[in-house]
Enquirer: 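Questions regarding the structure given below will be posed in turn.
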Amino acid sequence: MSTPKKYMQIFNVMYKHYGPQHWWPGETPFEIMLGAVLTQNTSWTNVEKAIQHLKINEALDPKVIMDTHHKRLASWLRPVGYFNVKATRLKSYCQWYLASGQFEQLDRLDTPELRRALLSVKGVGPETADDILLYAFSRPVFVIDAYTRRLFSRLGYINGEETYESLRATFEKKLQRQADQVQLFNEYHGLIVWHAKYFCKKRPICTGCCLRRQCHGANPV
DNA sequence: ACCCAGGGTCATA
DNA sequence: TATGACCATGGG
C-alpha cells in the first residue's frame, strides 16, 4: 500500500516533533548558492566559518570572487576542506552566474531549463543544483541527499540503490497532490537533516536507529 | 585512533 | 555504467 500518505506521515511526525526549520540558513539567494557548493560532503558548521571569512573580506559577491586570486580565495575557504577544489568551483559558479545575468535573468527560466543550466556548471551536481533550485529560486524540487536515502531505505520505502533522478521523481510524484510544494519540500529536507543530527534526543520516527552510515539499526523507538 | 560530514569530477575497464 | 581515487578540514 504505497499511498502518498506514507510520505506525508513521515513529514507530519517530524514536523510536529521538531517544528518548522525555516531553511536555508543564508540571507540572500547568492549566499544560499555559495553555501550549497561549500557544504558538499562537509559539515555546516565549517561552512559557516568560511562564509564569515567571505563576509569579513566583503567577498560575498560574484565579481569580487572572480577578481580574487585563487590562493587568497582558498585561504578563506580553508575550514570547509577541499579548499582548492571549492575555490575553483566557486569561481566557475560565479563566472556562469555573471554571464547568465545573475538572479533576475536566471529566474525567468522555467525549472527544467534552470536545472540544466545549473548542471552545466563544473562543481554543481544534482544535489547542489536542487538545493539551489529549491532554496534560492523557490522551485518545487525535492532534494535527495545521503540522509534521505538512508532514512527511507531503513524505513523500507526504497531499497537505497536507486539513482538520484529516480528517487527525486519518486518523491515528487508521491507528494504531487500536496498544496504548496515549495514550502513542503523546503521543510521536509530541513527536517530530515535535523532528524539526522538529533536522532538521539527524542526520536519520533522508527527508523530502526540513527542515520549514521554504519548503523543499520536494531533499536526501534 | 577512528568515523563522519547536507558531493562531484575524472580516469579507468 | 560502474567502481575507485581524489579532494582535506574539523568535530565527536
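Treat the numbers as computed from the prediction; the structure is a model and nothing was measured. Within every chain, numbering begins at 1; the chains are lettered A, B, ... in the order of the sequence lines, protein sequences first and strands thereafter.
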Enquirer: Answer with yes or no whether the hydrophobic clustering places A/Leu98 together with A/Leu34; edges join I, L, V, M, F, W, Y residues whose side-chain heavy atoms lie under 4.5 Å apart.
Expert: no

Enquirer: OP1 or OP2 of B/dA5 versus the side-chain N and O atoms of A/Arg150: is any pair under 4.0 Å?
Expert: yes

Enquirer: In whole Å, I'd like the distance from the CG atom of A/Asn41 to the P atom of C/dG11.
Expert: 17 Å

Enquirer: On the nucleotide B/dC4, are OP1 or OP2 found under 4.0 Å from the side-chain N or O atoms that A/Lys197 carries?
Expert: no

Enquirer: Does a donor on one side chain and an acceptor on the other come within less than 3.5 Å for A/His70 and A/Asn84?
Expert: yes

Enquirer: Which part of the nucleic acid does A/Val47 contact within heavy-atom distance under 4.0 Å: base, sugar-phosphate only, or nothing?
Expert: nothing

Enquirer: Rounded off to whole Å, could you give me the CH2-to-P distance for the A/Trp44 and C/dT9 pair?
Expert: 20 Å

Enquirer: Could you tell me whether A/Glu104 atom CD has more than 12 heavy atoms of other residues or ligands within 6.0 Å of it?
Expert: no

Enquirer: Just checking A/Val85: base, sugar-phosphate only, or nothing, at a heavy-atom cut-off of under 4.0 Å?
Expert: sugar-phosphate

Enquirer: Decide yes or no on ring-ring contact (aromatic ring centres under 6.0 Å, His included) for A/Phe171 and A/Tyr7, but give the supporting numbers first.
Expert: CA-CA 8 Å; A/Phe171 278 80; A/Tyr7 285 76; 5.1 Å; yes

Enquirer: When the distance from NZ of A/Lys86 to P of B/dT9 is rounded to whole Å, what number comes out?
Expert: 13 Å

Enquirer: In Watson-Crick or G-U wobble terms, both distances under 3.5 Å, what is the partner of B/dA1?
Expert: none

Enquirer: Tell me which of A/Thr39 and A/Leu119 sits closer to the 5' end of DNA chain B, going by the nucleotide each one is nearest to.
Expert: A/Thr39

Enquirer: Go through B/dG8, C/dG10, C/dA8 for me and flag the one nearest to the A/Lys49 side chain.
Expert: C/dG10

Enquirer: Atom CG of A/Leu90 to atom P of B/dG7: distance rounded to whole Å?
Expert: 16 Å

Enquirer: What is the distance, to the nearest angstrom, from the NZ atom on A/Lys122 to the C1' atom on C/dC6?
Expert: 17 Å

Enquirer: What does A/Asp131 touch in the nucleic acid at a heavy-atom separation under 4.0 angstrom: a base, only the sugar-phosphate, or nothing?
Expert: nothing

Enquirer: State which of B/dA5, C/dC7, B/dG8 makes the closest approach to the side chain of A/Tyr82.
Expert: C/dC7

Enquirer: Rounded to whole Å, how long is the line connecting atom CZ of A/Arg78 with atom P of C/dG11?
Expert: 11 Å

Enquirer: By the 4.0 Å heavy-atom rule, please label A/Asn46 as base, sugar-phosphate, or nothing.
Expert: base

Enquirer: Nearest to the side chain of A/Thr128, which nucleotide is it out of C/dA8, B/dG7, C/dG10?
Expert: B/dG7

Enquirer: Do A/Lys91 and A/Thr68 have a side chain donor and acceptor closer than 3.5 Å?
Expert: no

Enquirer: In whole angstrom, what separates A/Glu161's CD from C/dT1's P?
Expert: 17 Å

Enquirer: Round to a whole Å and report the spacing from CG of A/Asp130 to C1' of B/dG8.
Expert: 14 Å

